[in-house]
Amino acid sequence: MAALAVTIAESCFSSYRRDAVGCDVNLEGDLSAAALLFAETPSRILLSAVQGNVAQILNLAREHVVAANGDRTNEGERLKIDVNGERVIDRRVAEVESAWRVVLAELA
């Protein structure tokens with residue numbers, strides 16, 4: 001199980017034979033920003049879909065009492081995460097990916 005912030009970042013990285021993509025995410029909740037982003041809480045899912053399917057997926061999630069939002073990838077190269085309307089992460093995806101790769105290499 002990975003922290004939500006890590007999962008979001010990894011989904012932006014330049015892997016799977018594609019360039020990195022940026023994203024804009026807005027999380028809301030009663031927990032602190034650190035807990036929302038880094039707690040390894042069960043039952044949290046990150047789902048990616050093409051734009052034409054997002055509304056249908058969100059409707060299905062809401063029909064089944066699942067909290068859902070329609071955050072999006074962006075055409076830029078930045079990972080942006082807001083918590084309760086406050087920007088807590090705004091970094092270039094390449095910078096985050098490079099740090100992630102270095103830490104993994106050091107652990108190996």
Side-chain angles (χ1 to χ4, degrees):
M1 178 179 328
L4 185 59
V6 175
T7 302
I8 292 168
E10 287 176 346
S11 70
C12 294
F13 294 167
S14 61
S15 56
Y16 307 111
R17 298 185 182 131
R18 67 165 172 81
D19 292 334
V21 294
C23 74
D24 297 298
V25 175
N26 183 35
L27 302 173
E28 295 183 6
D30 296 331
L31 300 173
S32 69
L36 281 171
L37 293 170
F38 298 104
E40 294 186 357
T41 309
S43 303
R44 298 170 84 184
I45 299 169
L46 178 67
L47 178 68
S48 298
V50 296
Q51 186 61 39
N53 295 334
V54 171
Q56 181 180 7
I57 291 168
L58 289 174
N59 287 336
L60 283 169
R62 290 179 183 127
E63 284 175 19
H64 297 283
V65 194
V66 174
N69 62 27
D71 296 324
R72 64 200 177 282
T73 57
N74 62 49
E75 294 178 11
E77 55 185 39
R78 298 193 76 78
L79 168 62
K80 300 175 186 178
I81 300 178
D82 295 351
V83 174
N84 296 321
E86 180 183 344
R87 177 75 31 98
V88 294
I89 296 175
D90 185 356
R91 295 278 189 258
R92 289 182 49 247
V93 173
E95 173 187 353
V96 176
E97 183 174 359
S98 176
W100 177 81
R101 290 187 187 285
V102 166
V103 168
L104 287 179
E106 289 176 357
L107 293 174

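These figures come from a predicted structure and were not determined experimentally.
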Open item on the list: Ignoring hydrogens, what is the shortest heavy-atom contact between C12 and V93? Give both atom names and the distance.
Closed with: O-CG1, 3.6 Å
- [ ] Could you walk me through whether L4 and L27 pass side-chain contact (heavy atoms from CB on, under 4.5 Å), step by step?
- [x] CA-CA 10 Å; L4 185 59; L27 302 173; 3.9 Å; yes
Open item on the list: Using the rule that Ile, Leu, Val, Met, Phe, Trp and Tyr join whenever any side-chain heavy atoms are under 4.5 Å apart, tell me whether V25 and L46 fall into a single cluster.
Closed with: yes
Open item on the list: Looking at every non-hydrogen atom in both residues, tell me the closest pair between I89 and L37 and how far apart they are.
Closed with: CD1-CD1, 4.2 Å
Open item on the list: Looking at every non-hydrogen atom in both residues, tell me the closest pair between F38 and A5 and how far apart they are.
Closed with: CE2-CB, 3.6 Å
Task: CG on D82 to CG on D24, rounded to 0.5 Å - done: 8.0 Å
TODO: Answer yes if W100 and I8 sit in the same cluster of Ile, Leu, Val, Met, Phe, Trp and Tyr residues linked by side chain heavy atoms under 4.5 Å apart, and no otherwise.
DONE: yes
Open item on the list: Please report the interatomic distance OG(S98) to CZ(R91), rounded to the nearest 0.5 Å.
Closed with: 13.0 Å
TODO: Return the minimal non-hydrogen interatomic distance between S14 and A20, and the atom names on each side.
DONE: CB-N, 3.5 Å
Open item on the list: Does N53 have more than 12 heavy atoms from other residues, nucleotides or ligands lying within 6.0 Å of its CG?
Closed with: yes
Open item on the list: Would the distance check show the side chain of E28 and the main-chain N or O of V83 forming a donor-acceptor pair, the cut-off being under 3.5 Å?
Closed with: no
Task: Pairing of K80 and D90 as salt bridge, 4.0 angstrom limit - done: no
Open item on the list: How close do A9 and V96 get, counting heavy atoms only, and between which atoms?
Closed with: CB-CG1, 4.1 Å
Open item on the list: To the closest 0.5 Å, what do you measure between CZ (F13) and CG (D19)?
Closed with: 14.5 Å
Open item on the list: Is it the case that the side chain of T7 and the backbone of A3 share a donor-acceptor pair, with hydrogens and angles ignored and the cut-off at 3.5 Å?
Closed with: yes
Task: Shortest non-hydrogen separation from G29 to L36 and the atoms involved - done: N-CD1, 4.1 Å
- [ ] First locate atom CD of E95, then atom CD of E77, and finally report the distance between them rounded to the nearest 0.5 Å.
- [x] 10.5 Å
